[in-house]
Amino acid sequence: QVQLVESGGGLVQAGGSLRLSCAASGRTFNYFSMGWFRQTPGKEREFVAAISWSGTNTDYQDSVKGRFTISRDNSKNTVYLQMNSLKPEDTAVYYCAAEGKSPMRGYVSTLKESYEFWGQGTQVTVSS
């Protein structure tokens, strides 16, 4: 059974930092892109960041560029999202996602439809 388990969410003041982790089990995602999305009540789930299987290519939503960094450790089957200079508008449930159909693809997708596997989400709340 494939599982993606996020951790590291919580409550932080504006300007603070959090590091999200997503540990995969049940299969290896070492050859697949992985990403982070977020969602607030009443809104569509939106792309935050993605990383290619090798870590060579990354992409970010414009609003988080320069503040968030996605990385991965394939030896641990884990992807991370370092979030710095957090703002109240970053408050959301953050979801980890993994592709599972196109191995070793060089580019990353910002579309949630491209990702086959999802975690249960972790809440990030940024107070002003």
Side-chain angles (χ1 to χ4, degrees):
Q1 181 182 359
V2 176
Q3 278 192 311
L4 299 178
V5 180
E6 302 98 335
S7 60
L11 174 64
V12 63
Q13 288 188 331
S17 298
L18 284 173
R19 188 194 195 205
L20 305 183
S21 299
C22 172
S25 63
R27 63 172 281 181
T28 180
F29 290 101
N30 290 357
Y31 301 104
F32 296 92
S33 298
M34 297 187 74
W36 289 95
F37 290 73
R38 65 187 181 188
Q39 189 171 21
T40 54
K43 292 190 176 181
E44 291 287 323
R45 191 169 298 187
E46 65 175 10
F47 170 76
V48 176
I51 187 167
S52 62
W53 69 277
S54 63
T56 301
N57 294 320
T58 59
D59 197 3
Y60 297 91
Q61 183 193 110
D62 285 347
S63 69
V64 307
K65 285 181 180 177
R67 300 188 297 121
F68 290 11
T69 302
I70 188 171
S71 61
R72 65 190 297 162
D73 184 342
N74 285 343
S75 69
K76 297 181 179 179
N77 219 16
T78 299
V79 65
Y80 305 97
L81 186 68
Q82 178 66 44
M83 305 186 295
N84 299 329
S85 302
L86 282 161
K87 303 176 181 179
E89 51 264 43
D90 295 318
T91 295
V93 177
Y94 283 71
Y95 295 90
C96 173
E99 293 189 27
K101 297 180 180 178
S102 301
M104 301 179 70
R105 192 168 68 183
Y107 63 93
V108 297
S109 174
T110 64
L111 302 177
K112 55 183 183 293
E113 292 78 12
S114 297
Y115 295 84
E116 184 177 356
F117 301 97
W118 293 85
Q120 82 290 348
T122 185
Q123 177 70 45
V124 171
T125 302
V126 184
S127 63
S128 57

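Residue numbers count from 1 along this sequence. What you see is a predicted model, and the numbers here were worked out from it, not measured in a lab. Keep in mind that the numbers below use all heavy atoms, side chains included, and drop hydrogens, waters and symmetry copies.
- Considering Val93, Leu20, Thr91, Leu11 as possible partners of Val124, the one that fulfils the side chain to side chain contact (heavy atoms under 4.5 Å, CB included) test is Leu20.
- Here the shortest heavy-atom pairing between Ser52 and Arg72 reads O-NH1, 2.9 Å.
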Practice task
For the pair Phe37 and Trp118, evaluate ring-ring contact (aromatic ring centres under 6.0 Å, His included) and give the outcome as yes or no after the intermediate values.
Solution key: CA-CA 10 Å; Phe37 290 73; Trp118 293 85; 5.1 Å; yes
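- For the side-chain hydrogen bond (donor to acceptor under 3.5 Å, both in side chains) with Ser109, the lone residue among Ser102, Ser114, Ser33 that qualifies is Ser114.
- Cluster membership for Val64 and Val126, using ILVMFWY side-chain heavy atoms within less than 4.5 angstrom, is shared.
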Practice task
Evaluate the criterion side-chain hydrogen bond (donor to acceptor under 3.5 Å, both in side chains) for residue pair Asn84 and Ser17; output intermediate values, then yes/no.
Solution key: CA-CA 4 Å; Asn84 299 329; Ser17 298; 2.9 Å; yes
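- Remark: the backbone N or O of Ala92 is not paired with any side-chain donor or acceptor of Arg38 at under 3.5 angstrom.
- Atom CZ of Phe117 has more than 12 heavy atoms from other residues, nucleotides or ligands within 6.0 Å.
- In this structure, Lys65 pairs ionically with Asp62, as a charged nitrogen and a carboxylate oxygen lie closer than 4.0 Å.
- Judged by the 6.0 Å and 45° rule, Arg45 forms a cation-pi pair with Tyr95.
- Looking only at distances, a side-chain donor or acceptor of Asp90 sits under 3.5 Å from a matching main-chain atom of Lys87.
- For the pair Glu46 and Lys112, the salt-bridge criterion is not met [side-chain N within less than 4.0 Å of a carboxylate O].
- Seen from the ring of Phe32, Arg105 does not count as a face-on cation partner, given the 6.0 Å and 45° thresholds.
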